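Everything quoted here is computed from the prediction, not taken from an experiment. Only heavy atoms go into these numbers, but all of them, side chains included; no hydrogens, no water, no symmetry mates. The residues of the chain are indexed from 1 along the displayed sequence.
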Amino acid sequence: MNSSNDSMAMQRISMLVDENSFVEIGSLVTARSTDFNLAAADTPSDGVITGHGQIDGSLVFVYSQDASVLNGTIGEMHAKKIAAVYDMAMKMGAPVIGLIDCAGMRLQESVDALDGFGQIYTKEVAASGVIPQITAIFGNCGGGLAVVPALSDFAFMESSKGKMFINAPNAIEGNRVEKCDTASADFASEENGCIDAVGTQEEILGKIRALVTMLPLNNEGDVYTDDCTDDLNRVCESMEAMKGDPRYLLGQISDHNVFFETKAGFAKEMVTGFIKLNGMTVGAVANCTEVYDEEGKKTEAFEPVLSARGCNKAAEFVSYCDAYEIPVLTITNVKGYKATMCAEKNLAKAVARMTSAFASATCPKLNLITGQAYGSAYVAMNSKSVGADFVYAWKDAKVGMMEAQMAAKIMYAEASADVLAEKAKEYDALQSSVLSAARRGYVDLVIDAADTRKYLVNAFELLYTKCAGVPDKKHGTK
């Protein structure tokens, strides 16, 4: 059923979908323009292979740009083929996966090519929140084409040949590609907030397959995407010792230790990704203070504070989960806000965006407090006050206005060290204790860290049938 085309574009599709499952659509389409001798050029499939296949038995639609045809540039018919793939995917309720390797807009087609870009943008916007959109960049993705992965839900980049940019590095005043390659995969992953993972071609295609198996196929799909053979009551050891790195915690509590991280290189102090609980896909948002490598060595450390980038990362992820009714788990360990000049320029708006995302989301929401939960930073992190259905906490967690020592210094500024120590102890017991928060109903359950998995499985099972009414309004403004 596969096309006989042996281009790299087709090879990528073959590596992505299940064997012999791909059916090409529009293979006979060629460029329609005749300007600048374009009619004399051979343009098979007009530089983009489109069709449908299966990933682990589930239907997906794919377009893969062919750089061997006019450098993969986008012209009128090229864009119409991609738009047609989106139309079919929307009808069938299946994901769209775009494999990009393109020199940009086809100059010979001018306004027709411009209109083509607009058509693709429009289809992406229409599909947003209806079907998952995944993009992978294997070659050039510059100028207006960089908007395509930015509009998609998830994006990946090949580490050596992938290039993503609005402006080429040398077009930026004061910069040269030798100084800072702003088009590189590493730069895009760490700075622009669009890229979920970087790797080899094989690694990227493998990650896309893994991601598709975790996601509902559309916004009416089921979050139960897999059968679970893992022990639902499995005890998770070493949780408290590793609580600074939520990647470890999420891997431990998930079915068969599966954790798919999104935006891994961006705003590392905020971790987002997907886990499985009894076969149910759950989105996770977590504060991160430590990063450990595979050998258990600490490689990075962060303050337990909210940053503007971290809040924007969390807000976007929560909005995605809510669109597909994917339950959200928050792992909270935060005591305040990042205090830098750069952060101060953007923090208020970013925190507001994250708070709005949590408060307006009607999907099941659970907050697990593993460490500190202080001040309004905690409130914004999916607290019961902004709509969490359940709040669980580990026994040694702290919940309150601020650290007891700081509170004592503020309330008894002139007191001696002994008095401050006594008042701090008293404040900790009365105002910062997790038991104090539980007595007031702000924490629903205090649990042992090792038993986290079984309690989360039970809670999300209960919340599966949640039905939340929404106010009669068009949308919020944040």
Side-chain angles (χ1 to χ4, degrees), residues 197 210 214 226 228-265 267-305 310 314 327-335 366-374 378 381-382 390-399 403 432-435 437-438 443-461:
M214 296 192 80
D226 200 6
C228 177
T229 57
D230 197 355
D231 182 2
L232 301 183
N233 297 313
R234 174 166 49 82
V235 174
C236 302
E237 304 291 351
S238 306
M239 295 281 280
E240 288 182 284
M242 297 288 285
K243 68 181 180 182
D245 190 347
R247 296 168 183 84
Y248 176 84
L249 304 184
L250 292 166
Q252 284 292 297
I253 63 177
S254 181
D255 296 349
H256 304 292
N257 307 120
V258 172
F259 171 52
F260 190 100
E261 186 174 4
T262 61
K263 305 290 185 290
K268 292 182 180 180
E269 68 279 2
M270 185 73 79
V271 172
T272 58
F274 298 104
I275 63 172
K276 291 286 192 73
L277 291 173
N278 194 19
M280 178 192 293
T281 295
V282 174
V285 179
N287 304 123
C288 176
T289 58
E290 297 170 336
V291 178
Y292 292 89
D293 61 19
E294 294 179 355
E295 298 177 354
K297 297 179 181 177
K298 186 190 297 186
T299 57
E300 293 181 87
F302 308 100
E303 290 184 276
V305 295
V328 172
L329 166 67
T330 311
I331 296 181
T332 299
N333 181 18
V334 67
K335 68 174 185 179
L366 190 149
N367 189 5
L368 173 67
I369 303 171
T370 60
Q372 303 171 96
Y374 288 132
Y378 157 61
M381 276 294 296
N382 192 32
F390 292 120
V391 176
Y392 293 173
W394 288 354
K395 290 183 176 180
D396 62 347
K398 299 292 183 182
V399 184
E403 292 175 309
S432 297
S433 165
V434 67
L435 293 178
V443 171
D444 295 295
L445 196 62
V446 180
I447 63 176
D448 288 323
D451 293 329
T452 299
R453 173 175 161 80
K454 71 176 183 181
Y455 282 109
L456 295 184
V457 167
N458 179 270
F460 282 117
E461 286 286 328

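Of all the heavy atoms in C288 and F302, the pair that sits closest is O-CB, 3.7 Å. Considering every non-hydrogen atom in both A286 and P246, the closest pair reads CB-CB, 3.4 Å. Of all heavy-atom pairs spanning Q252 and E237, the tightest one is OE1-O, 3.9 Å. Contact detail for Y392 and A459: the closest heavy-atom pair is OH-CB, 3.6 Å. The heavy-atom pair separating M239 from I253 by the smallest distance is CE-CG2, 3.5 Å. Residues E240 and A449 come closest through the heavy atom pair CG-CB, 3.4 Å.
Remark: T452 engages W394 in a side-chain hydrogen bond (donor to acceptor under 3.5 Å, both in side chains) (not counting sequence neighbours).
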For residues 294-301, run the donor-acceptor check on the side chains, cut-off 3.5 Å, and write out each pair with its distance to 0.1 Å, sequence neighbours left out.
residue: K298; atom: NZ; partner: E290; partner atom: OE2; Å: 3.2
residue: T299; atom: OG1; partner: V291; partner atom: O; Å: 3.2
residue: E300; atom: OE2; partner: K268; partner atom: NZ; Å: 3.2

Please tabulate, for the side chains in residues 270-285, all donor-acceptor contacts under 3.5 angstrom to protein atoms that are two or more places apart in sequence or on a different chain.
residue: T272; atom: OG1; partner: T262; partner atom: O; Å: 3.2
residue: T272; atom: OG1; partner: T262; partner atom: OG1; Å: 2.7
residue: K276; atom: NZ; partner: T225; partner atom: OG1; Å: 3.2
residue: N278; atom: ND2; partner: E461; partner atom: OE2; Å: 2.8
residue: T281; atom: OG1; partner: M214; partner atom: O; Å: 2.5
residue: T281; atom: OG1; partner: T225; partner atom: OG1; Å: 3.1

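Considering N233, D255, V235, D231 as possible partners of R453, the one that fulfils the side chain to side chain contact (heavy atoms under 4.5 Å, CB included) test is D255.
For the pair I331/K243, no side-chain contact is recorded, criterion being any heavy-atom separation below 4.5 Å from C-beta on. Between Y374 and P304 there is no side-chain heavy-atom pair separated by less than 4.5 Å. Side-chain atoms of L232 and K454, non-hydrogen and from C-beta on, never get closer than 4.5 Å to each other. Y378 is listed as a side-chain neighbour of I369, based on a closest heavy-atom distance under 4.5 Å. For the pair F460 and L366, the minimum side-chain heavy-atom distance is below 4.5 Å. Using a 4.5 Å cut-off on side-chain heavy atoms (C-beta onward), L329 and L368 make contact. Side-chain atoms of D448 and K395, non-hydrogen and from C-beta on, do get closer than 4.5 Å to each other.
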Quiz item: Going through the checks in order, is the side-chain hydrogen bond (donor to acceptor under 3.5 Å, both in side chains) test met by N333 and T370?
Solution: CA-CA 6 Å; N333 181 18; T370 60; 4.9 Å; no

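Summarising the geometry, atom CZ belonging to F390 is positioned 12.5 Å from atom CG belonging to N382; distances are rounded to the nearest 0.5 Å. For the atom pair CE (M381) and OG1 (T332), the distance works out to 4.0 Å, reported to the nearest 0.5 Å.
Between the side chain of R234 and the backbone N or O of S254 there is at least one donor-acceptor pair closer than 3.5 Å.
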